[in-house]
Asks: 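Here it is: the structure, laid out below.
Not measured: the values here are computed from a predicted model. Both backbone and side-chain heavy atoms feed into the values below; hydrogens, waters and symmetry mates do not. As the structure lists them, so they are numbered: ligands from 1, and atoms in each ligand from 1.
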Amino acid sequence: MRTNCESLNGNRSNLEKHILRTLAENQDFNAYMTYINNPKEHFKNFIRDEVSHYITERFEDSVRPKMKNNIKLLQQQIMSAAHESSKHVKEINGNTESWLLHFTQQLSGVLVFSVKDLTGVNHDDVEVRFLEDVIKKELPSIMFDIISKFSTETFPVKLEHKYRPDEILIDHLCQCCWVQCPFCAAICTNTIENHDEDHSVPFHRNNGLNGWFYRGTTNLAINICTSAVASNGSFYPNSSDDTVPWKEYRKGGPKYASWSITPDLSDLPYWKKPFTRYQTYQKN
Ligand SMILES: [Zn+2]
Ligand SMILES: [Zn+2]
């Protein structure tokens, strides 16, 4: 699925590009707000949607053949476990019980069952040599039955939660830092969830996205963090009248101090006008 699905075949940053594109295409304001206010939730929803589309669209040519293949492999494993058990019982001169025990032990890694599940087998009446024959005879039709019931609806439902493709992908793509820049809400790109070094992101955004506005106005801030921290202006880190110079943004408090925002002067010419007009702004 990852090979065939562009949004899921890279890291979280690659996924985010697809998320931003989809947000722009759909123009769904609520989804956009979830992305800003609760990015992890939005990423999870996006992954679930992508997986669900994939299963629906590629069921016949990609999903079903894979499932069929897995069932065939399982069938082979069961057959060979039955054969091995017969060999083992012969060697130790064992009985039905030792056959069943050996059989279930060999399959413990691929099937969830134990000797208790085979209580229907009457140990006294069954001869060991018949057990392998029964498996050989019955298994193909059981497997055929399972394959014929495959569908887009049953596929994810039948899987245990931790084996669902969307959950595996969420685990894979979402175990990283989710701390957002206190100014622009961009998500830290560190791949470790609780890292020691400062949070950072290669691209910051307009601060207005996160609700910052110019004090005394209703205008959302259009400054970008990297150019702001290179400027001579200042900001209000809280509702009081205390300002913090942008160049010393870390003094704004712990959530500012834990971020490394590199001043990028190349943005300055573009942002020069708004800076001269509005020197200070605050978070609502
Ligand atoms: Zn930022
Ligand atoms: Zn981080």
Side-chain angles (χ1 to χ4, degrees), residues 10-21 23-24 32-44 46-47 169-215 217 219-239 242-275 277-284:
N11 55 14
R12 191 187 61 181
S13 299
N14 172 66
L15 175 61
E16 192 168 14
K17 276 183 220 155
H18 288 268
I19 285 177
L20 288 170
R21 192 191 298 157
L23 279 171
Y32 191 76
M33 288 313 286
T34 313
Y35 167 70
I36 295 284
N37 294 328
N38 193 351
K40 195 172 182 179
E41 202 45 46
H42 187 80
F43 273 66
K44 284 182 177 178
F46 187 84
I47 292 171
L169 283 162
I170 285 171
D171 248 19
H172 179 78
L173 290 162
C174 296
Q175 273 184 7
C176 32
C177 185
W178 286 95
V179 175
Q180 293 175 269
C181 171
F183 299 111
C184 71
I187 309 154
C188 169
T189 47
N190 200 301
T191 51
I192 298 161
E193 201 156 4
N194 292 308
H195 55 90
D196 293 331
E197 62 270 42
D198 286 341
H199 303 293
S200 64
V201 64
F203 302 107
H204 287 265
R205 318 185 272 221
N206 291 355
N207 298 169
L209 272 174
N210 193 23
W212 286 85
F213 61 98
Y214 301 103
R215 192 168 252 207
T217 77
N219 301 326
L220 288 175
I222 52 171
N223 302 39
I224 290 176
C225 313
T226 38
S227 47
V229 297
S231 76
N232 290 318
S234 48
F235 66 97
Y236 297 93
N238 48 52
S239 51
D242 302 333
T243 59
V244 171
W246 269 107
K247 281 182 175 156
E248 295 168 54
Y249 70 90
R250 285 179 194 258
K251 289 185 177 164
K255 66 176 174 179
Y256 301 95
S258 64
W259 272 81
S260 163
I261 305 171
T262 317
D264 186 352
L265 292 161
S266 63
D267 278 334
L268 269 182
Y270 181 82
W271 295 105
K272 207 172 180 178
K273 243 187 184 166
F275 269 130
R277 197 155 162 216
Y278 307 106
Q279 288 285 307
T280 46
Y281 58 89
Q282 68 174 36
K283 180 86 190 288
N284 59 0

Asks: Can you name the N, O or S atom of His204 that is closest to the Zn ion (ligand 1)?
Replies: ND1
Asks: Got a second to check how far Leu23's CG is from Phe46's CZ, nearest 0.5 Å?
Replies: 8.0 Å
Asks: Taking all non-hydrogen atoms of both residues into account, name the closest pair between Asn190 and Glu197 and its distance.
Replies: ND2-OE2, 3.4 Å
Asks: Restricting to distances shorter than 2.8 Å, give the number of protein N, O or S atoms close to the Zn ion (ligand 2).
Replies: 4
Asks: Angle between ring planes, Tyr256 versus Phe183, binned at 30° and 60°: parallel, tilted or perpendicular?
Replies: tilted
Asks: What are the two closest heavy atoms between Gln180 and Ile187, and how far apart are they?
Replies: CG-CG1, 4.2 Å
Asks: Does the plane of the ring in Trp259 sit parallel, tilted or perpendicular to the ring in His199? Use 30° and 60° as the thresholds.
Replies: tilted
Asks: Test Ile47 against Leu15 for side-chain contact (heavy atoms from CB on, under 4.5 Å), laying out the working first.
Replies: CA-CA 9 Å; Ile47 292 171; Leu15 175 61; 3.9 Å; yes
